[in-house]
Amino acid sequence: MGKRVYIILTALLLLAFGQKSLGQQIEVEGYFLQDSAKIGERVPYILKASYGKGYNVVFPDSTYDYSPFELLEKKTYISHTDEGITIDSAVYYISNFSLDPITRFSLPVFEVFKYDSLVHTPNEASLALQLVIDEIPQELSFRENNVYQPISTDFNYPLWTAVFVGILVLAGLLTFFFGKSIQRKWQIYQEKRKYKRFTKRWEKAEKDFATNPDMDHADELLGLWKTYMEHLKNKPFRDWTTTEISEFLENKEIIKDFREIELIIYAGKEGQDLPKACKNLRDICTDTYHQKITQTDERQ
């Protein structure tokens, strides 16, 4: 009986040692795409894992604790295998709410076995806190002014009271008879102003992107598109993945347009037809804007 227990324990130790040796062959890398960020700013974190044949590697999902960060979105990419080495990668969009000057972060990957798993953690990546206001001095300086300032006391209270009451009565009558119509016209006017601001910013962002197609200009262009669509549809476009946006808009072609621009952000490669992708994205915003204006106008 004792000999059998000894054999079983020896086999378990050899199995654990073998799993540990295999796990050491997995290489993990994690880093931020920028070195500093403001409080609550959307920051991309890249996680990569390379390993040989026969490994089962799992990346963290939305159930993982990302403290002190908050997970906004996760994007995964198709595994790439070259000469027996497989490379997996994912982009995690997170927000920092820590007040520490420098926040260190490391996201692990998990090597899954039949009854156990191993955790592989990359080196910590640092993200500096970017302040948006200057520090307040400890001692405030005040300028003395002891010159007498005369205050006028002649104020016609009865007249201004009557004017104020008259304005209230007129406003009440206008609201009662024309309130809904005025409100709808005001909404349409506001939408037109917002659309003009969007087109002006989009043209500038698209021009900058065409002149210098790098990661910052690409991210600015996609962020502008998602922010405006979020306003038009009242849906969390900035938190959705490309697939979720495609399903909501019932437009599968938009995935190709996003990929054309995202190739620059995550792969450093220029897409085949960037002007067409930019035009398609702008056309979607324009069509959605006209639909909203028409629906608002039809309710009159």
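Please read these numbers as outputs of a predicted model, since none were measured by experiment.
- Taking a 6.0 Å sphere around NZ of Lys48, one finds it holds 12 or fewer heavy atoms contributed by other residues, nucleotides or ligands.
- By the 4.0 Å N-to-carboxylate-O rule, Arg42 lies close enough to Glu73 to be salt-bridged with it.
- Here the side chain of Ser246 pairs no donor or acceptor atom with the backbone of Thr242 at under 3.5 angstrom.
- At a threshold of 4.5 Å between non-hydrogen side-chain atoms, the residues Ser95 and Glu41 do not count as touching.
- Not a single donor-acceptor pair under 3.5 Å links the side chain of Ser36 to the backbone N or O of Gln130.
- Outside the 6.0 Å centre-distance limit, the rings of Phe113 and Tyr115 are not counted as a close aromatic pair.
- Looking only at side-chain heavy atoms (C-beta outward), Tyr289 and Lys192 come within less than 4.5 Å of each other.
- Evaluation of the ring-ring contact (aromatic ring centres under 6.0 Å, His included) rule for Phe105 yields Tyr45, Phe69 as partners, not counting sequence neighbours.
- Hydrophobic clustering (side-chain heavy atoms under 4.5 Å, transitive across Ile, Leu, Val, Met, Phe, Trp, Tyr) groups Leu99 together with Phe97.
- Other residues, nucleotides and ligands contribute only 12 or fewer heavy atoms inside 6.0 Å of the CG atom of Asn123.
- In this structure, Cys285 and Trp202 have side chains that are not in contact, with every pair of non-hydrogen atoms separated by 4.5 Å or more.
- Contact of the Val163 side chain with the Ile167 side chain is registered, since non-hydrogen atoms from C-beta on lie closer than 4.5 Å.
- Applying side chain to side chain contact (heavy atoms under 4.5 Å, CB included) to Phe209 and the options Asp216, Leu222, Leu221 leaves one that passes, Leu221.
- Cluster membership for Leu33 and Ile87, using ILVMFWY side-chain heavy atoms within less than 4.5 angstrom, is not shared.
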Using side-chain contact (heavy atoms from CB on, under 4.5 Å), reason through Arg259 and Asp257 one step at a time and then give a plain yes or no. CA-CA 5 Å; Arg259 290 292 183 262; Asp257 298 328; over 6 Å; no
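- Between atom CD1 of residue Ile94 and atom CG of residue Leu107 there is a gap of 8.0 Å, rounded to the nearest 0.5 Å.
- Distance check: Glu29 CD to Glu27 CD gives 9.5 Å after rounding to the nearest 0.5 Å.
- Not counting sequence neighbours, the partners of Arg104 by the side chain to side chain contact (heavy atoms under 4.5 Å, CB included) test are Ile102, Glu124, Ser126.
- Every side chain to side chain contact (heavy atoms under 4.5 Å, CB included) that Asp88 has, sequence neighbours left out, goes to Tyr51, Phe59, Ser79, Thr86.
- Cluster annotation: Val28 and Tyr64 are assigned to the same hydrophobic cluster (Ile/Leu/Val/Met/Phe/Trp/Tyr, side-chain heavy-atom contacts under 4.5 Å, transitive).
- Defined by atom type and a distance below 3.5 Å, a donor-acceptor pair is present between the side-chain atoms of His217 and Asp214.
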Can you give the donor-acceptor pairs under 3.5 Å from side chains of residues 247-256 to other protein atoms, not counting sequence neighbours?
residue, atom, partner, partner atom, Å
Asn251, OD1, Glu253, N, 3.1
Asn251, OD1, Ile254, N, 3.4

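- Aromatic ring centres of Trp225 and Phe258: separated by under 6.0 Å.
- Residues Pro44 and Gln34 are in side-chain contact: their nearest non-hydrogen atoms beyond the backbone lie under 4.5 Å apart.
- When only modelled atom types and interatomic distance are considered, Ser98 and Asn96 share no side-chain donor-acceptor pair under 3.5 Å.
- For Thr199, there are no side-chain hydrogen bond (donor to acceptor under 3.5 Å, both in side chains) partners, not counting sequence neighbours.
- Follow the hydrophobic side-chain contacts under 4.5 Å out from Ile46 and you reach Tyr77 in the same cluster.
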Does Lys200 form a side-chain contact (heavy atoms from CB on, under 4.5 Å) with Arg197? I'd like the steps, not just the answer. CA-CA 5 Å; Lys200 185 176 181 181; Arg197 288 198 298 266; 5.8 Å; no
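- Clustering ILVMFWY residues whenever any of their side-chain heavy atoms sit less than 4.5 angstrom apart, transitively, puts Val109 in the very cluster that holds Val119.
- For the pair Arg201/Leu224, a side-chain contact is recorded, criterion being any heavy-atom separation below 4.5 Å from C-beta on.
- A distance-only check finds a donor-acceptor pair linking the side chain of Asn280 to the backbone of Lys276 [under 3.5 Å].
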Could you walk me through whether Glu203 and Arg282 pass salt bridge (charged side-chain N to carboxylate O under 4.0 Å, His left out), step by step? CA-CA 10 Å; Glu203 290 172 357; Arg282 177 174 178 173; 3.4 Å; yes
Determine, stepwise, if the pair Tyr55 / Ile26 fulfils side-chain contact (heavy atoms from CB on, under 4.5 Å). CA-CA 9 Å; Tyr55 291 89; Ile26 297 179; 3.7 Å; yes
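- Between Glu206 atom CD and Leu281 atom CG the span is 9.0 Å, to the nearest 0.5 Å.
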In a table with atom names and distances, give each donor-acceptor pair under 3.5 Å that connects a side chain of residues 231-241 to protein atoms at least two apart or in another chain.
residue, atom, partner, partner atom, Å
His231, NE2, Glu191, OE1, 3.1
His231, NE2, Glu191, OE2, 3.1
Arg238, NE, Glu230, OE1, 3.4
Arg238, NE, Glu230, OE2, 3.1
Arg238, NH2, Glu230, OE2, 2.6
Thr241, OG1, Glu244, N, 3.3

Applying side-chain contact (heavy atoms from CB on, under 4.5 Å), run through Ile39 and Leu129 and close with a yes or a no. CA-CA 7 Å; Ile39 290 291; Leu129 178 63; 3.5 Å; yes
